[in-house]
Amino acid sequence: MPTESGSVGLAHDYLLVMRGAERTFAQIAKCWPQAPIYTLLYDADAVDEGFAGRDVQASGLQRLGRRQGSFRYLLPFFPRA
């Protein structure tokens, strides 16, 4: 997704665990090492191996402190976030 500066920005629904989709996204992100990453929820400790040192920007939902086991309670809020 292009940003205001015309560079690349990457988006993923949520980054709370390192499973198949997140591992694939981490490999895609390596193609654009300077690109910011946008996501609804982010757990740096859980996905550090794939996104360490990256500019990861989470939505306002991040303040609610949800983790992998409880983020689904926030699904009604995803469209606005």
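What you see is a predicted model; the values in this text were computed from it and never measured. Numbers for residues simply follow the sequence, beginning at 1.
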Q) Quick one: does Ile37's side chain get under 4.5 Å of Phe25's, heavy atoms only? A) yes

Q) Does Leu10 reach the side chain of Arg54, with side-chain heavy atoms less than 4.5 Å apart? A) yes

Q: List the atom of Leu16, the atom of Leu41, and the distance in Å for their closest heavy-atom pair.
A: CD2-CB, 3.9 Å

Q. Are the side chains of Met18 and Phe51 in touch, meaning some heavy atoms are under 4.5 Å apart?
A. yes

Q: Please round to the nearest 0.5 Å and tell me the distance separating atom CD of Glu22 and atom OH of Tyr14.
A: 6.5 Å

Q. Which atom pair, heavy atoms only, marks the closest approach of Thr39 to Val56?
A. CG2-CG1, 4.0 Å

Q) Above 12 or not: heavy atoms from other molecules or residues under 6.0 Å from CD of Glu49? A) yes

Q. For the atom pair CG (Asp43) and CG (Asp48), what is the distance rounded to the nearest 0.5 Å?
A. 10.0 Å

